[in-house]
Amino acid sequence: MKAVLLAAGRSFRMQPIADKNFLKFLGKPLIVHQLESLLAASFSEILIVGGAHNMAQLKKVLRECSLPNRPSHSEAKPIMCPKGATLAKITVREQKDLDLGMAGAVLTAASWIKNDPFLVVSSNDVVDISTYNILTKSLKKGEGVLMAKKVSAYFPGGYLKTRPSGIVSSIIEKPGAGKEPSKLVNIVMHYHPEPKRLFTLLKQEAGSKNQHDDRYELALQSLFDAGVIYKAMPFEGFWQPVKYPWHVLSLMNYFLKAGKKFARKKVSISKTATLHGDVFLEEGVRILDNAVIVGPAYIGKNSIIATDALVRESHIGANCVIGFGSEVARSYVGDEVWTHTNYIGDSVIGNDVSFGAGTVTGNLRLDEKNILVTIRGEKADSGLNKFGLVTGNHVRVGINTSFMPGVKIGSHSFVGAGITVAEDIPDSMFVTGKHTLVMKPNKAQAAPRKTQ
């Protein structure tokens, strides 16, 4: 069966995280985890739709995966399915007009899909394999399926309005708390049995004067109105949308808890170090004297957990140094991150970031209310009362600097020493604060120290 994986989003709400598709969990980019789920669910042909901004990186990720019998030329990339199953073909295509949103992405896949039934899924929605199993077992000839997460609290997304038979009659976008037509949130995990009719409607919407990003949903509504059957398929398993920076922490916790404890060869662990619970150690990891790691935790290849360091329920990338006396708590840390006598709490740290000695992240408001984060110029409620710093890549921070909760630091920015940062810093900034020294005559005398 064919599947289309949508990965052309520009991650505006995730900034300063450049592209969520390439966030690594347990040593693999998120896009690879998504591919593995599709393969495990027996989708034998997969098309990844990217954009000009990430096409090169998508192709690079596929090249760097351990793919057997990979052709040296060709758009299609074979990859080994789990448990030695047959090979699947993975193709990458570019969506030219990103302003057409999901409608444009699906139309990009039209010539590849032809008239075959297909599944469209978004890299924004992460579910476990059991959800795919529910989907594939529910398929019936001529009937579409919209997967729907059954929620108990309001989620600001699209809700499915259904008839008593479970047939979807409409998708209501962000109805507001108390106005939901059901408890079923629309997940972009849609099975389309009749692509030809869908493509015709999508082309009509793409050519219309509609400037909104709901062209795909409007095309679906036309299908509903025409009597094409789409069943709502509820599930109660894991689902994590990846739209805001704090979602990285929820996703981190999912991957940490889904894995098992392991220790690879060529790992060095001091006899005085302590490991509690499930701890993932990649090859080349060194854990020095008196270091403590509290699981679930992941330590990437060649990373060092130095003397007296403490790592709690966190994900540490490759080639990192969690230096002497540092504590990393409930945080996602990318590759090539260096710390020394720092506190990193409930934070999302990018790749190639270093913190000067004594620098700390604040993660709790004095009134203990939820942390607000600026998203595209407006304050958004993270839903968390503990949330720290978010950085892009290639960031340098001086000594004894403090970051207030929910602050974001853009990529390629340098932040000077001894200052308190309480607002977001854009990309490529050099930030310093005023340090005024007050000098006056010293009328006191230092008393001689007594020797014993």
Side-chain angles (χ1 to χ4, degrees), residues 16 245 249 270 272-274 286-294 297 299-300 303-317 319-366 368 371 373 386-439 446:
L249 298 182
S270 168
T272 61
T274 303
R286 294 167 58 196
I287 304 175
L288 305 187
D289 295 341
N290 299 318
V292 177
I293 304 177
V294 179
I299 313 297
S303 286
I304 298 171
I305 310 301
T307 300
D308 291 338
L310 171 60
V311 175
R312 295 190 287 140
E313 302 170 30
S314 294
H315 187 289
I316 310 297
N319 302 307
C320 292
V321 176
I322 306 304
F324 171 81
S326 294
E327 179 180 356
V328 180
R330 302 172 303 277
S331 293
Y332 175 93
V333 176
D335 297 340
E336 307 279 353
V337 174
W338 287 63
T339 71
H340 185 82
T341 322
N342 303 124
Y343 175 71
I344 310 294
D346 302 280
S347 297
V348 179
I349 308 301
N351 301 317
D352 184 28
V353 178
S354 68
F355 295 94
T359 287
V360 297
T361 64
N363 61 345
L364 182 67
R365 288 171 42 151
L366 292 178
E368 301 187 15
I371 307 300
V373 182
K386 282 189 175 182
F387 187 57
L389 176 68
V390 181
T391 81
N393 301 326
H394 316 297
V395 173
R396 299 290 181 270
V397 183
I399 64 171
N400 295 325
T401 291
S402 300
F403 293 98
M404 293 295 100
V407 163
K408 300 183 294 179
I409 309 300
S411 294
H412 299 283
S413 286
F414 283 21
V415 182
I419 59 176
T420 297
V421 180
E423 59 187 279
D424 290 355
I425 296 173
D427 291 348
S428 304
M429 291 287 112
F430 195 106
V431 181
T432 59
K434 292 183 179 180
H435 301 270
T436 302
L437 297 181
V438 178
M439 298 188 187

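When a residue number appears, it is its place in the shown sequence, counting from 1. Please read these numbers as outputs of a predicted model, since none were measured by experiment.
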Using every non-hydrogen atom in the two residues, find where [X] and [Y] come nearest and quote the distance to one decimal.
X    : Y    : result
C320 : G334 : SG-O, 3.0 Å
A306 : A291 : O-CB, 3.5 Å
S314 : A329 : OG-C, 3.4 Å
A309 : G323 : CB-O, 3.7 Å
G410 : P16  : CA-CB, 3.9 Å
S331 : G345 : OG-C, 3.4 Å

Just by distance, with hydrogens left out, do D352 and H394 show a side-chain donor and acceptor under 3.5 Å apart?
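There is such a pair (donor and acceptor under 3.5 Å, judged by atom type) between the side chains of D352 and H394.
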Residues S411 and N393: side-chain donor-acceptor under 3.5 angstrom
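The criterion, which ignores hydrogens and geometry beyond distance, is not satisfied for N393 and S411.
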Point-to-point distance, once rounded to the nearest 0.5 Å, from [atom1] of [X] to [atom2] of [Y]:
X    : Y    : atom1 : atom2 : result
D308 : T272 : CG    : OG1   : 8.5 Å
I305 : L310 : CD1   : CG    : 10.0 Å
R286 : I299 : CZ    : CD1   : 14.0 Å
D346 : L389 : CG    : CG    : 11.5 Å
I316 : Y332 : CD1   : OH    : 10.5 Å
K386 : R365 : NZ    : CZ    : 15.0 Å

Do [X] side-chain atoms and [Y] backbone N/O form a donor-acceptor pair below 3.5 Å?
X    : Y    : value
S270 : N290 : no
S413 : S428 : yes
T420 : M404 : no
T341 : S326 : no

Under 4.5 Å between any side-chain heavy atoms of [X] and [Y], yes or no?
X    : Y    : result
F355 : T401 : no
N319 : D335 : no
V421 : K408 : no
Y343 : N363 : yes

Test side-chain contact (heavy atoms from CB on, under 4.5 Å) on L288 and F324; report intermediate values, then the result.
CA-CA 9 Å; L288 305 187; F324 171 81; over 6 Å; no
Mark yes when over 12 heavy atoms from residues, nucleotides or ligands other than R330 sit less than 6.0 Å from its CZ; otherwise mark no.
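Buried by this count: over 12 neighbours within 6.0 Å.
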Reference residue F403; test side-chain contact (heavy atoms from CB on, under 4.5 Å); the match among I419, T359, V360, I344:
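Exactly one pass, corresponding to T359.
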Just one of T432, I409, T391 clears the side-chain contact (heavy atoms from CB on, under 4.5 Å) bar with V415, so which one?
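Running side-chain contact (heavy atoms from CB on, under 4.5 Å) over T432, I409, T391 with V415 returns exactly one hit, I409.
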Please walk me through it: do V348 and L249 pass side-chain contact (heavy atoms from CB on, under 4.5 Å)?
CA-CA 7 Å; V348 179; L249 298 182; 3.8 Å; yes
